[in-house]
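See below for the structure under consideration.
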Amino acid sequence: VEAMARQGLNAMDALTATRKPDSLHAFIELHIEQGPILEQKQLHLGVVDVINGLVKWQVRLRGSAAHAGAAPMDMRKDAFQGLAEFGVALPKLVEEYGGDRSVATIGRASLSPGAANVVPRLAEFSLDVRDSDQETLNHLIDAIHRYLSDMARRRQLTFEYELHSEIAPVRCDAGICQMIDATASKLGINHTRMASGAAHDTEIMASIVRTGLIFVPSKGGVSHTPAEWSDWQDIYNGANVLLNTLYQLVNEQ
């Protein structure tokens, strides 16, 4: 905001900026994969046909604090043990109730009161679940909810959660995907259809216009760090496919 003000611009004007959807013909995005699939399969380009939907929870398991030396193991209501059990079970739940594109992640966790000699009374953690199919995502979330409820009851814990985000899967335009496929083939670039596990601008733009999303490989699947890196040839290939796809789209009008 301050940097814009120094240039005589009001950042708040962005909130009232508009553009008529019918003024847009199509939207194509070029991005690094942010994952290891293309690199591991030795492919140089990905044609994204769907962006995964996601559900994000903030979960709390509540038990009772107790002295680490005085509380017998079989008399504890240890919130961390509930979290640990669920963490071990999560991959099995994904395997049993999810699909080929299902993923689930506990990315952040904290214990309270957080003392070395106290049995935790509270375990709080994030849960991020994603899939490219809404029915599969719903099925997996239901299974996770049942497991947490049953496990908490068995361990004499209380289970509660807050829904932080719920986004449905978004499909890219089939015609544009085919156009990107054909362009990559014509240029001799080995490629594949794939899902995007991460959200992108395409996800928002798909609500108002036809979209396409092109991936190039990420070294080691690393992104958003100084170690993020993509081979220059892959960047060149991605830009060339983007350019030729845009050329075809322009000539549709």
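Asp131 contributes no side-chain N or O that, together with a main-chain N or O of Leu137, makes up a donor-acceptor pair within less than 3.5 Å. When atom types are taken as modelled, the side chain of Glu33 and the backbone of Gly46 share no donor-acceptor pair closer than 3.5 angstrom. For the pair Thr105 (side chain) and Gly107 (backbone), a donor-acceptor distance under 3.5 Å is absent. Without hydrogens or angle criteria, Asn240 side chain to Tyr236 main chain gives no donor-acceptor distance under 3.5 Å. No donor-acceptor pair closer than 3.5 Å links the side chain of Ser218 to the backbone N or O of Ile32. When atom types are taken as modelled, the side chain of Asn190 and the backbone of His44 share a donor-acceptor pair closer than 3.5 angstrom. Remark: side-chain polar atoms of Ser230 are paired, donor with acceptor, to backbone N or O of Pro217 under 3.5 angstrom. Between the side chain of Arg76 and the backbone N or O of Ala66 there is no donor-acceptor pair closer than 3.5 Å.
Counted within 6.0 Å of CE on Met4, heavy atoms from surrounding residues, nucleotides or ligands total more than 12; the atom is thus considered enclosed. Counting non-hydrogen atoms of neighbouring residues, nucleotides and ligands closer than 6.0 angstrom, the CZ atom of Arg193 exceeds 12 such neighbours. In Asn10, the CG atom is crowded: over 12 heavy atoms of neighbouring residues, nucleotides or ligands sit closer than 6.0 Å.
Side-chain atoms of His224 and Gln34 form a donor-acceptor pair, as typed in the model, at a separation below 3.5 Å. A donor-acceptor contact under 3.5 angstrom links the side chains of Asn138 and Gln134, judged on distance only.
Side chains of Arg108 and Glu124 form no contact here, defined as non-hydrogen atoms less than 4.5 Å apart. Counting heavy atoms from C-beta on, the side chains of Lys56 and Ser126 never come closer than 4.5 Å. By the 4.5 Å heavy-atom criterion applied to side chains, Val129 and Leu127 are counted as neighbours. Side-chain contact between Ile176 and Thr211 is absent, with no heavy-atom pair separated by less than 4.5 Å. You'll find the side chain of Ile144 reaches within 4.5 Å of the side chain of Phe86, heavy atoms only. No side-chain heavy atom of Val48 sits less than 4.5 Å from a side-chain heavy atom of Ile180. Contact of the Met151 side chain with the Leu61 side chain is registered, since non-hydrogen atoms from C-beta on lie closer than 4.5 Å. Within the 4.5 Å cutoff, the side chain of Ile235 has heavy atoms near those of the Trp232 side chain.
What you find for Val50 and Pro169 is that their closest heavy atoms are CG2-CB, 4.3 Å. Closest approach of Pro120 and Asp78 over heavy atoms only: CD-OD1, 3.5 Å. Summarising the geometry of His67 relative to Val119, their closest heavy-atom pair is O-CG2, 4.4 Å, with the distance given to 0.1 Å. Between Ser102 and Leu140, the closest heavy-atom pair is CB-CD2, 4.1 Å.
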Next item on the list: Just do the side chain to side chain donor-acceptor pair (under 3.5 Å) check on Gln248 and Asn244 with the steps written out, would you?
Entry: CA-CA 6 Å; Gln248 295 175 67; Asn244 282 271; over 6 Å; no

Notebook entry, point to check: Is there a side-chain contact (heavy atoms from CB on, under 4.5 Å) between Leu38 and Met194 once you walk through the steps?
Noted result: CA-CA 9 Å; Leu38 292 175; Met194 64 188 304; 4.0 Å; yes

Next item on the list: Could you walk me through whether Arg154 and Glu85 pass the side-chain contact (heavy atoms from CB on, under 4.5 Å) test, one step at a time?
Entry: CA-CA 12 Å; Arg154 175 166 35 85; Glu85 179 183 329; 2.6 Å; yes

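Using the six-membered ring where Trp is involved, His145 and Tyr161 have ring planes that are perpendicular, over 60° apart on the 30 and 60° scheme. Note on ring orientation: taking the six-membered ring where Trp is involved, the planes of Tyr97 and His139 are perpendicular (angle over 60°, cut-offs 30° and 60°).
The residue from Thr183, Thr202, Val241, Val47 that alone fulfils the side chain to side chain contact (heavy atoms under 4.5 Å, CB included) condition with Ile214 is Val241.
One finds no salt bridge joining Arg101 and Asp133 here, because no Lys/Arg side-chain nitrogen approaches an Asp/Glu carboxylate oxygen to under 4.0 Å.
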